[in-house]
Amino acid sequence: MSDEEHHFESKADAGASKTYPQQAGTIRKNGYIVIKNRPCKVVEVSTSKTGKHGHAKCHFVGIDIFNGKKLEDIVPSSHNCDVPHVNRTDYQLIDISEDGFVSLLTENGNTKDDLKLPTDDSLLTQIKSGFEEGKDLVVSVMSAMGEEQICALKDIGPKS
C-alpha cells in the first residue's frame, strides 16, 4: 500500500451537512423543512390522529424559499424529516453588471460576484432603482442546501 493510492477530494464546506434530522412532530409553522429535495418554509402543519394501524401523521405545506412554489408532504410524526441549514448574510451592494450579476462586498473586504439579481420583480426594481439613485444598499442573501439568493434589501442612506 503506497501513499499514491489514496485520493481524497477536498470540499470547501468542511464536510458540513446541508440538512439535519428533526422529528416530524416537533416541526412547527414558520420553521424550515426539506420537501422533494427543496428547502421550504413551513406555512401550515396539521396532525392527524393515530389510525387503526399505527402512526399519527403530520401534513406539511411549505413554500420553497428560493422559487416560491408550494409543496406538500405527509410524514409519520415519529419519523425524522430533513431540515435545511438556512443562513442569512448581509452584504453591501457595490455594482450590478450588464448580464444580471451583482457585485457584493463581504464583511472581510472581499467581493462576491457569483450571485444573480433576484427573480422577484418588486425586489428587482427596488434594487435597480436604489442603485441608480446612488444609495448605499445592503442586500440580505439567504443560503440553504448549496443555493443562494438575494431575499431582502436595506437602504443605509446615500453614498457619502
Side-chain angles (χ1 to χ4, degrees), residues 9-47 57-75 77 80-160:
E9 203 173 305
S10 61
K11 296 235 186 328
D13 61 2
S17 174
K18 292 175 171 52
T19 62
Y20 61 93
Q22 186 175 342
Q23 192 172 336
T26 63
I27 296 173
R28 299 281 168 249
K29 189 176 172 181
N30 292 331
Y32 294 100
I33 187 173
V34 176
I35 302 176
K36 296 183 180 116
N37 283 330
R38 299 293 303 157
C40 298
K41 186 177 180 105
V42 179
V43 290
E44 191 182 321
V45 181
S46 55
T47 310
K57 300 239 184 344
C58 292
H59 176 239
F60 295 106
V61 178
I63 305 283
D64 188 314
I65 59 177
F66 294 121
N67 63 26
K69 287 194 175 127
K70 188 176 181 183
L71 296 165
E72 296 186 46
D73 201 6
I74 296 175
V75 186
S77 62
N80 280 348
C81 290
D82 283 335
V83 176
H85 289 284
V86 179
N87 291 320
R88 240 184 139 121
T89 320
D90 288 350
Y91 299 105
Q92 188 167 348
L93 181 68
I94 304 171
D95 193 22
I96 300 173
S97 66
E98 297 292 319
D99 55 1
F101 281 87
V102 291
S103 187
L104 304 172
L105 184 68
T106 62
E107 281 184 11
N108 59 11
N110 296 333
T111 58
K112 180 175 176 54
D113 301 311
D114 58 352
L115 270 176
K116 274 189 169 268
L117 283 164
T119 49
D120 177 38
D121 287 335
S122 65
L123 190 58
L124 179 67
T125 51
Q126 281 181 321
I127 291 173
K128 280 190 168 175
S129 64
F131 182 72
E132 284 162 12
E133 289 168 22
K135 292 180 180 168
D136 256 349
L137 300 176
V138 171
V139 293
S140 291
V141 176
M142 179 125 47
S143 63
M145 297 176 68
E147 282 186 65
E148 290 183 308
Q149 186 176 307
I150 296 170
C151 61
L153 175 70
K154 287 186 213 125
D155 183 0
I156 55 172
K159 283 189 178 157
S160 49

- Are the side chain of E44 and the backbone N or O of V61 linked by a donor-acceptor pair below 3.5 Å?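 Not confirmed, E44 side chain does not pair with V61 backbone.
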Exercise: identify the closest heavy-atom pair between [X] and [Y]:
| X | Y | result |
| --- | --- | --- |
| K18 | G146 | CE-N, 4.1 Å |
| I65 | A144 | CD1-CB, 3.9 Å |
| C40 | I35 | SG-CB, 4.1 Å |
| E148 | S143 | CG-CB, 3.5 Å |
| T125 | S122 | OG1-O, 2.9 Å |
| I74 | H59 | CG1-CD2, 3.4 Å |

Straight-line distance of [X] [atom1] to [Y] [atom2], nearest 0.5 Å:
| X | Y | atom1 | atom2 | result |
| --- | --- | --- | --- | --- |
| D113 | I94 | CG | CD1 | 7.5 Å |
| S103 | Q92 | OG | CD | 11.0 Å |
| Y32 | H85 | OH | NE2 | 13.5 Å |
| T89 | K112 | OG1 | NZ | 8.0 Å |
| M142 | N87 | CE | CG | 10.0 Å |
| D99 | K116 | CG | NZ | 6.5 Å |

Would you mind reporting whether [Y] and [X] have side-chain heavy atoms less than 4.5 Å apart?
| X | Y | answer |
| --- | --- | --- |
| T111 | D95 | no |
| F60 | C81 | yes |
| K69 | K36 | no |
| K41 | N30 | yes |
| V42 | R28 | no |
| I150 | I127 | yes |
| N67 | R38 | yes |

- Item | The single option from V141, L153, L123 passing side-chain contact (heavy atoms from CB on, under 4.5 Å) against P118 |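 Per the side-chain contact (heavy atoms from CB on, under 4.5 Å) rule, the option paired with P118 is L123, out of V141, L153, L123.
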- Task: Give a yes or no on this: more than 12 heavy atoms of other residues, nucleotides or ligands lie within 6.0 Å of atom CG of D114.
- Result: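 Above 12, so yes.
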- Begin with the C-alpha distance, continue with both residues' side-chain angles, and end with the deciding distance and a verdict on side-chain contact (heavy atoms from CB on, under 4.5 Å) for D73 and I33. CA-CA 10 Å; D73 201 6; I33 187 173; 5.5 Å; no
